[in-house]
Amino acid sequence: MAMPLRQSIKVATYLAEQKLRRRDKFPLIVELEPLFACNLACEGCGKIQHPAGVLKQRMPVAQAVGAVLESGAPMVSIAGGEPLMHPQIDEIVRQLVARRKFVFLCTNAMLLRKKIDKFKPSPYFAFAVHIDGLRERHDESVAKEGVFDEAVEAIKEAKRRGFRVTTNSTFFNTDTPQTVVEVLNYLNDDLKVDEMMISPAYAYEKAPDQEHFLGVEQTRELFKKAFAGGNRRRWRLNHSPLFLDFLEGKVDFPCTAWAIPNYSLFGWQRPCYLMSDGYVPTYRELIEDTDWDKYGRGKDPRCANCMAHCGYEPTAVLATMGSLKESLRAMRETVAGSQG
């Protein structure tokens with residue numbers, strides 16, 4: 001897990017505090033969606049299927065910051081939609097960073113070079129650019145030519161200016177071990193991004209493309225082959241070793257959806273940002289009034305093929321923190337990844 005030392009210490013301290021307080025449910029990272037509007041129409045995303053009136057809405061700064069503070073999470077992933085379309089996104093980031101929250105601004109990077117002057121480099125802030133393949137594959141996934149090239153130039157510019165840059169890559173059943181290796185090699189070795197996150201695609205109910213989501217066995221086979229030959233240790237993957245084991249099918253975990261809650265224009269979303277069984281106004285209501293035991297593979301048919309990081313990475317992190325052996329393993333792989 002190629003997580004910076006400052007962030008690793010913050011998260012470890014936070015987890016220790018939750019254990020001392022005997023809390024069995026708490027957030028690791030909040031998925032904050034201050035808008036649903038986007039400047040792209042990706043085939044695997046259902047966010048822009050909301051009515052036009054909803055797509056015009058923008059979450060006020062105080063509401064966005066207040067939700068994160070209410071949850072107490074040490075990390076925030078700002079998504080959408082495309083967050084750089086929010087006119088006050090820089091102020092949301094500034095206020096969260098001022099409170100020493102680790103902020104990842106997820107973006108397709110189409111507006112990044114235009115908006116980059118609004119932001120300042122900080123050890124608490126990173127741009128998280130979506131890259132789902134090399135040029136042809138990425139542009140096909142976002143249904144627009146030239147997006148890959150613009151994202152690459154934006155990453156280079158952000159790195160030149162001293163920003164931390166991470167990437168987020170989603171893989172579908174049209175991917176092969178070779179396409180996974182090619183894009184991660186490029187991000188790791190050529191663009192030299194700070195960290196990379198990967199995830200099998202989840203079947204959003206409103207996504208235009210419903211035919212290319214991975215099943216559990218397809219996911220395991222894909223990543224088992226892609227990780228072969230020492231790639232896992234060479235790539236700067238922003239995941240715990242146990243989550244990568246999970247993707248390969250070496251271990252299995254229950255879903256821990258409550259650890260990465262979603263807050264959007266509608267409120268706190270049940271049970272996670274991939275499924276919508278209603279919304280509640282407060283984080284406390286989300287945790288206390290949601291029947292968490294009814295979700296997960298083998299319980300809810302919608303969860304049958306899900307192996308997404310939002311549900312299973314937290315389980316892997318908690319399992320790592322609860323084992324000295326796995327904690328030492330994670331530390332070793334962090335060092336190896338930082339040197340890769």
Side-chain angles (χ1 to χ4, degrees), residues 1-3 28-31 33 42-47 75 77-80 104-108 126 128-133 137-138 141-142 151 166-177 179-184 187-188 193 195-205 207 209-210 212-227 231-232 235-257 259-262 271-275 296-297 302-317 337:
M1 182 169 53
M3 184 184 292
L28 284 175
I29 183 169
V30 169
E31 292 278 354
E33 295 180 321
C42 303
E43 290 296 310
C45 178
K47 297 296 182 179
M75 299 181 288
S77 174
I78 304 179
F104 298 85
L105 194 155
C106 302
T107 175
N108 57 41
V129 180
H130 295 278
I131 299 289
D132 289 342
R137 195 166 198 82
H138 181 72
S141 73
V142 301
T166 69
T167 54
N168 184 0
S169 299
T170 305
F171 298 104
F172 297 80
N173 65 12
T174 49
D175 279 291
T176 66
T179 63
V180 174
V181 169
E182 287 174 352
V183 67
L184 295 182
L187 296 173
N188 192 84
V193 300
E195 298 132 19
M196 301 174 290
M197 189 170 71
I198 58 178
S199 185
Y202 176 82
Y204 279 106
E205 183 180 357
D209 182 357
Q210 292 289 320
H212 296 117
F213 295 105
L214 286 160
V216 171
E217 292 307 317
Q218 288 177 303
T219 297
R220 289 170 174 167
E221 188 67 16
L222 177 67
F223 288 108
K224 181 179 180 180
K225 292 180 178 178
F227 290 160
N231 283 332
R232 265 183 58 167
W235 291 330
R236 291 182 295 279
L237 296 173
N238 189 20
H239 294 290
S240 64
L242 278 178
F243 178 71
L244 300 179
D245 286 348
F246 169 75
L247 289 182
E248 287 193 65
K250 293 180 178 179
V251 297
D252 201 9
F253 289 124
C255 175
T256 310
I260 306 186
N262 173 271
C272 64
Y273 85 94
L274 298 174
M275 292 163 51
R297 278 188 278 123
R302 295 171 297 177
C303 304
N305 288 314
C306 180
M307 294 182 72
H309 68 278
C310 64
Y312 295 97
E313 177 74 84
T315 321
V317 170

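Values below: every heavy atom of this structure, side chains too, minus hydrogens, waters and symmetry copies. As the structure is a computational prediction, the values presented were derived from the model and not from experiment.
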- Task: Give, for atom NZ of K224 and atom NZ of K250, the distance between the pair rounded to the nearest 0.5 Å.
- Result: 8.5 Å
- Message: How long is the straight-line distance from CG of N231 back to CZ of F223, given to the nearest 0.5 Å?
- Response: 12.5 Å
- Message: Working to the nearest 0.5 angstrom, can you tell me the gap between E195 CD and T167 OG1?
- Response: 9.0 Å
- Query: Taking atom CG of L214 and atom CZ of F172, what is their separation to the nearest 0.5 Å?
  - Reply: 8.5 Å
- Does the side chain of M197 come within less than 4.5 Å of T166's, by heavy atoms? no
- Separation between OG1 (T176) and CG (L222), nearest 0.5 Å, reads 7.5 Å
- Considering only NZ, NE, NH1 and NH2 on the basic side and carboxylate oxygens on the acidic side, decide whether R137 and E182 come within less than 4.0 Å. no
- Item | Donor-acceptor contact below 3.5 Å, side chain R302 vs main chain L274 | no
- Message: With a 3.5 Å distance limit and no angle check, can you tell me whether S199 reaches the backbone of T170 through a side-chain donor-acceptor pair?
- Response: no
- Task: May I ask you to say whether R220 pairs ionically with E217, meaning some side-chain N is under 4.0 Å from a carboxylate O?
- Result: yes
- Task: Indicate the atoms forming the closest heavy-atom contact of P200 with T219, along with that distance.
- Result: CB-OG1, 3.7 Å
- Message: I need the H130 NE2 to T107 OG1 distance, nearest 0.5 Å.
- Response: 7.0 Å
- Check whether any side-chain heavy atom of T256 lies under 4.5 Å from a side-chain heavy atom of Y312, and answer yes or no. no
